[in-house]
Amino acid sequence: MAAFDPWDPAFVADPYPAFAELRELGRVHYYEPSDQWLVPHHADVSALLRDRRLGRTYRHRFSHEEFGRTAPPPEHEPFHTLNDHGMLDLEPPDHTRIRRLVSKAFTPRTVERLQPYVQRLADDLVGGLVEAGGGDLLTEVAEPLPVAVIAEMLGIPESDRAPLRPWSADICGMYELNPPEEVAAKAVRASVEFTEYLRGLIAARREEPGDDLISGLIAAHDEGDRLTEQEMISTCVLLLNAGHEATVNATVNGWWALFRNPDQLAALRADHSLVPSAVEELLRYDTPLQFFERWVLDDVEIDGTTIPRGSEVALLFGSANHDPAVFTDPARLDLARADNPHISFSAGIHYCIGAPLARIELAASMRSLLTKAPALTLAAEPGRRPNFVMRGLERLDVEVG
Ligand code: HEM
């Protein structure tokens, strides 16, 4: 257990050896600092994600008191109001109702139609990077691409997009383990501002509907009363945040992994038909979202240990993705890996609704970079962000060569 320390920069830099140790030691481990049960094996993570005795919330069945928990402090209320009404933090029947409304916009077929637009956007952004002779891949390509795509889908005007990224970053601070009070204060402020902005935008779209997702949600709200105004706001924030944070990190983590594995990068450069399997392998190899929590709603038993109702389990996605019981030679980056049941998009009812879109975005930027910058090199060793859960880099400086 000593090696598992999400607050230690050395662990965050490379958590995979500590995960291997955890898997060796057993299937479930109580971790006192976060009062959680860590689950490191692929088979267990996969099964628990599908197990309805666990949930992203307990509030549909129990009060805080009944569940042996305390309500969050009242000053955090704006963050929780926003967060708790998004589908990711709801369970059926509310989860089913909202997910059904939103999922039409994200079916593989609908998203496939966006491909030419996404590719054009990626080509433009990479074109800019090439013209400049290089720069920070994160700010020039990885970030603007998914932000523009999801903002466009939702119908956020271009002139309003600048604060989206800082709001999202501040809100996402709350998803790290045991966030300190100054992180919570920032998340609360961002929640208030983001909510206020969306209230205004929703009012404007109600006056003048478009063919965007927000107008579609307003119609669902107004016609059938199938979505409250708060759920609509929370859905937009969830889509905006989930719609880019992990994609940004997956892009830069992926290129950083490619630079560290020059034989694999050379193989990819020689054969662009590897792009789809490369995207999957990079999502596995350096998992962008390392960890997701579930509340235990009814006792579960893992390998003879009873995890009682009221506990929290921490599902270690990065560890599951490196489990040798499922992946041959898991520490090796193999862009041609054929059998790759990675868990980076989760499983069960909360399986990532944006997975088809994320795949298109990651493949589009990879194709643009391979064709327009075929001799791309690393300009400086990147610094890692200190976050464990949302794994990413501060920046990734490259030269076009
Ligand atoms: C590489 C990129 C991405 C990764 C690794 C990723 C990963 C995930 C994971 C692991 C979950 C489930 C968490 C859990 O089980 O507790 C999830 C849920 C979700 N993701 Fe993604 N995601 C990505 C991109 C996107 C994009 C592009 C969108 C939208 C445009 C999106 C929207 C969502 C939504 C709305 C949910 C909640 C689904 C539900 O609760 O039913 N994600 N994502």
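None of these values were measured; they are calculated from a predicted model. Numbering of residues begins at 1 and proceeds along the displayed sequence.
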Please report the closest heavy-atom contact between [X] and [Y], naming both atoms and the distance.
| X | Y | answer |
| --- | --- | --- |
| Gly155 | Arg205 | O-NH2, 2.6 Å |
| Gly26 | His41 | O-CE1, 3.2 Å |
| Cys236 | Ile214 | SG-CG1, 3.8 Å |

**OP:** Any chance you could lay out the side chain to side chain donor-acceptor pair (under 3.5 Å) test for Glu229 and His85, step after step, and finish with the verdict?
**Re:** CA-CA 10 Å; Glu229 170 130 328; His85 290 87; over 6 Å; no
Check whether [X] reaches the backbone of [Y] with its side chain - one donor and one acceptor, N or O, closer than 3.5 Å.
| X | Y | result |
| --- | --- | --- |
| Gln36 | Val313 | no |
| Arg395 | Asp136 | no |
| Arg23 | Ser319 | yes |
| Ser234 | Asp84 | no |
| Ser311 | Ile307 | no |
| Glu176 | Phe388 | yes |
| His350 | Ser346 | no |

Does the separation of the ring centres of [X] and [Y] fall below 6.0 angstrom?
| X | Y | answer |
| --- | --- | --- |
| His342 | Tyr285 | no |
| Phe317 | Phe291 | no |
| Phe19 | Tyr16 | yes |

Original post:
Are Arg27 and Asp303 within salt-bridge range, i.e. N to O under 4.0 Å?
Top reply: yes
Original post:
Ion pair present between Glu293 and Arg56, side-chain N to carboxylate O less than 4.0 angstrom?
Top reply: no
Subject >> Phe327 six-ring centre to Arg284 NZ/CZ under 6.0 Å and within 45° of normal >> reply: yes
Original post:
Taking the side chain as C-beta and beyond, is there a heavy-atom pair between Met366 and Leu282 under 4.5 Å?
Top reply: yes
